[in-house]
Amino acid sequence: MKYSGKDFYNKVFELVKKIPAGKVTTYGAIAECLGSKSSARMVGWALNSTKRKDANVPAHRVVNRNGMLTGKNHFDGINMMEELLVSEGVKVEKNKIVNFSDFLWNPCSNK
DNA sequence: TTAGTGACTGTAG
DNA sequence: GCTACAGCCACTA
């Protein structure tokens, strides 16, 4: 099944919302889960839209493949993303998640 | 409608 | 091992 148009966005929102507290995932993982691993950029773009649409999506739990908080710049506060993750039990240091693999959560697992 | 851009990733040098 | 480039697809102006 191929996701096209807004379904892609919708699917991204659904998956991100399912991410349990204290866990994180990557753009690539989500994209791959949707069947388009090359569209990792779209995932980030979708998350940007969530903020814009005031959607209840924990975008701070989505980071890049290296576990780096590349999207923190898009949050209201520069340190907001890190603060949120830390408050959930995720170790963050210098905008990067410590023991990233340990906190990694596969969105496809929940499916 | 066309063109530009974007919170990434993988391959090549 | 690190840096640079190209590809990907949908949205915004």
Side-chain angles (χ1 to χ4, degrees):
Chain A
M1 160 110 181
K2 221 172 176 179
Y3 300 105
S4 56
K6 306 216 164 177
D7 282 344
F8 189 89
Y9 267 49
N10 195 36
K11 199 69 182 176
V12 173
F13 303 154
E14 292 294 310
L15 289 177
V16 175
K17 281 190 205 169
K18 286 176 184 175
I19 301 174
K23 289 284 182 181
V24 297
T25 191
T26 68
Y27 303 99
I30 295 171
E32 190 179 358
C33 196
L34 299 183
S36 301
K37 66 176 182 184
S38 304
S39 304
R41 304 172 97 174
M42 296 298 86
V43 178
W45 197 243
L47 293 178
N48 188 8
S49 296
T50 66
K51 181 165 67 87
R52 191 193 263 272
K53 296 174 194 298
D54 196 47
N56 190 23
V57 180
H60 60 276
R61 290 182 193 151
V62 185
V63 296
N64 72 352
R65 200 173 155 2
N66 297 314
M68 205 152 98
L69 310 187
T70 52
K72 72 171 199 162
N73 286 310
H74 296 266
F75 280 81
D76 296 331
I78 308 243
N79 219 34
M80 184 177 163
M81 192 172 183
E82 185 175 324
E83 289 283 313
L84 288 168
L85 288 172
V86 172
S87 66
E88 290 179 356
V90 179
K91 274 187 164 184
V92 181
E93 196 171 295
K94 289 180 169 49
N95 304 330
K96 199 176 115 204
I97 297 176
V98 184
N99 298 328
F100 178 55
S101 307
D102 197 43
F103 296 110
L104 186 57
W105 180 80
N106 191 335
C108 297
S109 312
N110 197 43
K111 192 158 55 79

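Each chain gets a letter, A, B and so on, in the order the sequences are listed, and its residues count up from 1.
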Next item on the list: In whole angstrom, give the distance that lies between atom CG of Asn48(A) and atom C1' of dA13(C).
Entry: 15 Å
Check: Given dC11(C), is OP1 or OP2 found less than 4.0 Å from the side-chain N or O atoms of Ser49(A)?
Finding: no
Notebook entry, point to check: Please give, in whole Å, the distance from dA7(B) C1' to Phe75(A) CZ?
Noted result: 9 Å
Next item on the list: Could you tell me the separation between the CG atom of Leu47(A) and the C1' atom of dA10(C), rounded to a whole number of Å?
Entry: 14 Å
Margin query: Return the CG to OG1 distance between Asn56(A) and Thr50(A), rounded to the nearest 0.5 Å.
Written below: 9.5 Å
Notebook entry, point to check: Between atom CG in Leu69(A) and atom C1' in dC8(B), what is the gap in whole Å?
Noted result: 15 Å
Check: Separation of Asn10(A) atom CG from dC9(C) atom C1', in whole Å?
Finding: 17 Å
Next item on the list: Would you kindly compare Trp45(A) and Arg65(A) by the position of their nearest DNA chain B nucleotide and give the one closer to the 5′ end?
Entry: Trp45(A)
Note to self: Any donor-acceptor pair, under 3.5 Å, between the side chain of Arg41(A) and the base of dC8(C), if you only look at N and O atoms?
What the structure shows: yes
Check: If you look at every strand shown and take non-hydrogen atoms under 4.0 Å, does Ala59(A) touch a base, only sugar-phosphate, or nothing?
Finding: base
Notebook entry, point to check: Thinking salt bridges, do Glu88(A) and Arg61(A) make one under a 4.0 Å N-O criterion?
Noted result: yes
Checklist line | Residue pair Lys72(A) / Asn95(A), side-chain donor-acceptor N/O under 3.5 Å | finding: yes
Next item on the list: Measure from NZ on Lys11(A) to P on dC9(C) and round the result to the nearest Å.
Entry: 19 Å
Margin query: Using whole Å, what does the distance between atom C1' of nucleotide dT5(B) and atom NE2 of His74(A) come to?
Written below: 12 Å
Note to self: Of the listed nucleotides (dC11(C), dA7(B), dT9(B)), which one gets closest to any side-chain atom of Tyr9(A)?
What the structure shows: dC11(C)
Item checked: Atom-pair distance (CD1 on Ile19(A); C1' on dA7(B)), nearest Å -> 13 Å
Check: OG1/Thr26(A) to CG/Asn64(A) distance, rounded to the nearest 0.5 angstrom?
Finding: 8.5 Å
